[in-house]
Amino acid sequence: MDSPAEPYASLRYFVLSHPSPHVAHVEINRADKLNAFHEAMWLEMGSVFRALSHDPEVRAVVLSGRGGKGFCAGLDVKAAAEGDMLGSSGGGKGKMDAARTSQKLRRHIGEFQGSVGEIERCDKPVIALLHGISFGLAIDIACCADIRLAVADAKFSVKEVDIGLAADIGSLARLPKVVGSSSWVREVCLTARIFGAEEAQRVGFVSRVCETKEKGLEAATALAGLISEKSPVAVMGTKEILKHSRDHSVDDNLRYTSVWNSAMLQSSDVQVALLSGIQKKKPRFEKL
Ligand SMILES: CC/C=C\C=C\CC(=O)SCCNC(=O)CCNC(=O)[C@H](O)C(C)(C)COP(=O)(O)OP(=O)(O)OC[C@H]1O[C@@H](n2cnc3c(N)ncnc32)[C@H](O)[C@@H]1OP(=O)(O)O
């Protein structure tokens with residue numbers, strides 16, 4: 001990848017803009033189908049977030065859905081019903097035996113999980129603005145984001161049991177880590193009951209509720225702008241160490257942090273930032 005602009009050149013299902021110099025805004029771009037995802041879309045989403053992770057100009061990302069009706073209505077159920085569920089290779093059909101069919105499916109699910117997981121693996125913090133319909137895959141995606149904001153009109157559902165599936169792209173793994181492995185998580189995952197923005201905030205799934213999508217975008221962009229003014233080295237480390245702390249003991253995390261910072265404390269950013277408060281100077285940091 002020679003130029004960071006190159007990987008964004010031929011986006012079909014996502015729109016990328018830059019509301020401020022180091023902030024990227026990614027919009028899911030299939031509003032006429034409520035931003036429902038088929039295979040080409042989740043593959044493209046993986047590439048977009050991989051590219052953003054490596055893009056030195058980008059320090060924070062906002063993710064939202066195009067259109068007024070919703071962030072995302074989940075998996076494209078029509079494409080899935082037509083057999084696309086197993087990927088374009090059409091595993092499960094034809095003469096393959098059970099083991100080969102299973103292996104094909106396992107790979108397909110793994111690739112799908114991998115693409116959505118690029119949001120979590122992105123070195124830059126991702127702020128998801130959840131508006132209107134946010135069903136199924138929308139929750140998998142939201143759980144990978146670092147910060148979730150909701151619009152008052154948001155309608156959430158961990159919808160998978162309604163379409164005959166145990167959710168397999170991350171909600172069952174990550175949602176309990178986000179809000180705790182509570183009775184509430186079991187309730188919403190087992191029933192697919194729709195819940196709203198206030199309930200989402202009460203349980204800690206989202207950190208704010210905004211009146212309208214426009215206000216939500218302003219809030220998300222402002223948060224991303226604040227983050228983008230910090231040291232990119234410090235921000236990347238904070239995301240990485242918080243992610244590590246989710247899955248490790250305090251002792252393991254402290255050890256990891258000491259090793260991480262034994263390298264990162266040598267960054268010029270520390271010198272640039274250390275005295276900026278008392279000197280009343282806004283620090284400016286090099287690209288990362
Ligand atoms: C290996 C497995 C990996 C991943 C699994 C993920 C699991 C999930 O994501 S589970 C969730 C699946 N989603 C759904 O079941 C939602 C289905 N949609 C609806 O129930 C309704 O559309 C609605 C969300 C309640 C909204 O209803 P309404 O406001 O009346 O809008 P519509 O007219 O129904 O929709 C507008 C337009 O969008 C199309 N559409 C909506 N959702 C989907 C979808 N999930 N897949 C494909 N298309 C969808 C809908 O057909 C309409 O398009 P038209 O061309 O106008 O028909």
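Values in this document were obtained by computation on a predicted structure and should not be read as measured data. All ligand and atom numbering here is 1-based and tracks the order in the structure.
- Ring geometry for Y256 against W260 counts as tilted: the plane angle lies between 30° and 60°, on a 0 to 90° scale.
- Considering both main-chain and side-chain atoms, A73 comes within under 3.5 Å of ligand 1 through a nitrogen or oxygen pair.
- Closest to atom 54 (P) of ligand 1 by heavy atom, among R30, K33, E111, is K33.
- Between E218 and K215 there is no salt bridge, since no side-chain nitrogen of the basic residue lies less than 4.0 Å from a carboxylate oxygen of the acidic one.
- The distance from ligand 1 to the heavy atoms of L137 drops below 4.0 Å at these ligand atoms: 8 (C), 9 (O).
- Short contacts between ligand 1 and G74, defined as distances under 4.0 Å to a heavy atom of the residue, involve ligand atoms 9 (O).
- The ligand atoms of ligand 1 that sit less than 4.0 angstrom from a heavy atom of I169 are 3 (C), 4 (C).
- Listed by atom number, the atoms of ligand 1 under 4.0 Å from K78 heavy atoms are 51 (O), 57 (O).
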For this session: Apply the test side-chain contact (heavy atoms from CB on, under 4.5 Å) to residues Y13 and H38: give CA-CA distance (whole Å), side-chain angles for both, the deciding distance (0.1 Å), then the verdict.
Result: CA-CA 10 Å; Y13 300 109; H38 50 63; 3.3 Å; yes
Problem set entry | salt bridge (Lys or Arg N to Asp or Glu O under 4.0 Å) assessment of E229 paired with K282 | CA-CA 9 Å; E229 290 171 6; K282 199 169 179 177; 3.6 Å; yes
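- Note on ligand 1: K69 sits in its first shell, one or more heavy atoms being nearer than 4.0 Å.
- Under the side chain to side chain contact (heavy atoms under 4.5 Å, CB included) criterion, D97 pairs with A99, R100, not counting sequence neighbours.
- When non-hydrogen atoms are compared, ligand 1 lies under 4.0 Å from the backbone of V77 as well as from its side chain.
- Contact atoms of ligand 1 toward D32: 37 (C), 38 (O), 53 (O) (distance under 4.0 Å to a heavy atom of the residue).
- Residues E187 and R193 are paired through a salt bridge, judged by an N-O separation under 4.0 Å between the basic side chain and the carboxylate.
- Annotation for ligand 1: atoms under 4.0 Å from non-hydrogen atoms of E160 are 6 (C), 7 (C), 8 (C).
- Less than 4.0 angstrom separates some heavy atom of A36 from each of these atoms of ligand 1: 43 (C), 44 (C), 45 (N), 46 (N), 47 (C).
- Close approach of ligand 1 to G136 (heavy-atom distance below 4.0 Å) involves ligand atoms 8 (C), 9 (O), 10 (S), 11 (C).
- Aromatic ring centres of W184 and F195: separated by under 6.0 Å.
- In this comparison of V158, L105, L34, the heavy atom closest to atom 35 (O) of ligand 1 sits on L34.
- Proximity of F112 to ligand 1, defined as any heavy-atom pair under 4.0 Å, is confined to the side chain (atoms from C-beta onward).
- Not one N or O of K159 is nearer than 3.5 Å to an N or O of ligand 1, by distance alone.
- Contact check on D76 versus K33 returns no salt bridge, with no Lys/Arg side-chain nitrogen under 4.0 Å from an Asp/Glu carboxylate oxygen.
- Electrostatic pairing of D153 and K213 does not count as a salt bridge here, judged by no charged N lying under 4.0 Å from a carboxylate O.
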For this session: Begin from the C-alpha positions of W42 and F37 and carry the test ring-ring contact (aromatic ring centres under 6.0 Å, His included) through to its verdict.
Result: CA-CA 6 Å; W42 54 259; F37 272 67; 9.0 Å; no
